[in-house]
Amino acid sequence: SLLKEFYKEGTTIQDATFRFVNSLFSEYGLIVLLPDNAVLKRQMVRVFEDDLLNQTASGIVEKTAKKLETAGYKVQASPREINLFYLKDDKRERIIKQGTRYKAEGTSLDVSEEELKNELQQYPERFSPNVILRGLYQETILPNIAFIGGGGETAYWLQLKELSEHYKIPFPVLILRNSFLIVEKKWQSMIAKLGFTIEDFFLPEQELTNRLVTKNTDKKLKLNGTFTETGQLYDVIKKQAASIDTTLEKHVEALKTQTLHRLEELEKKMLRAEKRKFSDQQRQIHTIKEQLFPGNGLQERKENLSYYYAKWGKEFIQELYGHSLELEQEFVVINEK
C-alpha cells in the first residue's frame with residue numbers, strides 16, 4: 001500500500017522515494033536531504049573545477065586503491081578522468097574532454113574551458129558528482145563525526161580518505177554497522193530436529209553434515225587408534241632397517257607417510273559411504289543454509305526489507321531498532337516469536 005501510495009504516475013522517483021523512506025523511518029528522527037540544490041552545490045565549486053580542469057581526483061583515488069588492494073581490500077569504485085555528470089532537462093550525462101572542448105553526450109554541453117568555468121559559476125546545480133566525488137560532497141554539506149555502513153561501504157570510504165585530506169574536507173570515523181540474521185519459526189523447528197543450534201549454521205555446510213553423521217551413526221568412522229598403531233609399527237621397522245643399513249631409514253619413512261595418507265583416504269571414503277544413509281538430513285541442512293545464508297553470503301545481501309515488512313509491518317523495523325547494538329562488533333540473530 002505504501003508503494004502504491006507514493007510511486008504513482010505524475011510523481012518523480014526522487015519525491016516518491018523521499019516520502020516512502022520518510023514514512024518508514026520518520027519516527028526515529030531520520031533526516032532526508034535532497035542534495036540537488038544550487039546553494040549546496042556552490043560549496044563544491046572549487047573541487048568540481050579542479051576535477052574538470054586538472055583531473056586531480058582520479059590520480060589520488062587510483063593510488064589509494066592500489067594500497068588497499070595490497071592490504072587485501074576489494075576496490076569498490078573506479079575513478080574516471082572527470083568524475084562529474086552534466087545535469088539538465090532531466091538528463092544526466094557524463095562530462096568528457098575531447099581536445100580543448102568539454103562535452104556531455106545527449107545534452108547541449110559543448111564548451112571551451114573558459115565557458116565551462118562560467119557555466120559552473122553560474123549554474124553549479126547542473127554539475128552532479130559521480131561515486132568518487134559524492135562522498136566529498138556529502139561531508140562538505142553535512143560533516144559527520146562517524147559514518148556507519150556495511151563492509152563494502154566502509155571499504156569504499158577508505159578509497160576516499162586521501163582525497164579528503166587533499167581537499168581538506170573532514171573525513172569521518174568509519175564504523176561497521178550491525179548485521180542481522182532473521183530466523184523464521186519453520187527454520188528454527190528444522191534446526192532443532194536436526195540436533196543443531198542456530199550458531200552451528202554459521203559453519204560450512206560440509207562441516208555440519210560431518211557433525212550430523214558422526215553424532216548419529218552407530219558405526220566407528222575414525223581411524224585415530226589405527227593411525228597411532230601404524231605409526232608406531234613403522235617406527236619399529238625403521239629402527240630395525242637402520243641397524244642393518246642407515247640408508248634404508250628414509251625409505252621406511254616414505255613408506256610410513258604413504259601408508260598414513262592411504263589410511264586418511266580410507267577414512268574419508270568411510271565417512272562418504274555413511275553420509276549416503278543421511279541424504280534426507282543433508283537436503284534439510286542445505287535448504288536451511290540456503291535460507292539463512294543464500295548463495296553462501298549474508299541474508300541481508302539477498303533478502304529485501306519488503307518481504308519482512310509485508311509479513312510483520314512496522315513491528316519488524318521496531319525489532320531491528322530494539323536489537324541494534326552500539327559499537328560492539330557482533331552479529332545479531334533475531335528469532336521469529
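Residue numbers run from 1 in the order of the sequence given.
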Name all residues meeting the salt bridge (charged side-chain N to carboxylate O under 4.0 Å, His left out) criterion together with K103; count only those two or more places apart in sequence or in a different chain, and write none if there are none. none

Given L52, which of I82, V47, N83 fulfils the side-chain contact (heavy atoms from CB on, under 4.5 Å) condition? I82

By side chain to side chain contact (heavy atoms under 4.5 Å, CB included), which residues pair with T12, not counting sequence neighbours? Q14, D15

Under the salt bridge (charged side-chain N to carboxylate O under 4.0 Å, His left out) test, which residues partner E139, sequence neighbours left out? none

Note: E184-K311 ion pair, threshold 4.0 Å (strictly below): yes

Tell me if the centroids of the rings in F201 and F293 come within less than 6.0 Å of each other. no

In terms of relative ring orientation, are W312 and Y308 parallel, tilted or perpendicular, with 30° and 60° separating the classes? parallel

Side-chain touch F147/I175, heavy atoms, less than 4.5 angstrom: no

Could you check if a side-chain atom of Q121 sits within less than 4.5 angstrom of a side-chain atom of E49, using non-hydrogen atoms only? yes

Side-chain ion pair, E119 and R126, N-O less than 4.0 Å: yes

Of all residues at least two apart in sequence or in a different chain, which pass the salt bridge (charged side-chain N to carboxylate O under 4.0 Å, His left out) check with D50? none

Beyond-backbone contact of Y7 with F20, side-chain heavy atoms, under 4.5 angstrom: yes

Side-chain donor-acceptor contact under 3.5 Å, T56 with N54: no

Minimum side-chain heavy-atom gap I334-L320 below 4.5 Å: yes

May I ask you to check whether over 12 heavy atoms, not counting those of R92, lie within 6.0 Å of atom CZ? yes

Kindly write out the residues that satisfy ring pair (Phe, Tyr, Trp, His ring centres under 6.0 Å) with F331, not counting sequence neighbours, or none if the list is empty. F202

Applying salt bridge (charged side-chain N to carboxylate O under 4.0 Å, His left out) to E162 and not counting sequence neighbours gives K67

Can a salt bridge be assigned to the pair K161 and E165 using a cut-off of 4.0 Å between side-chain N and carboxylate O? yes

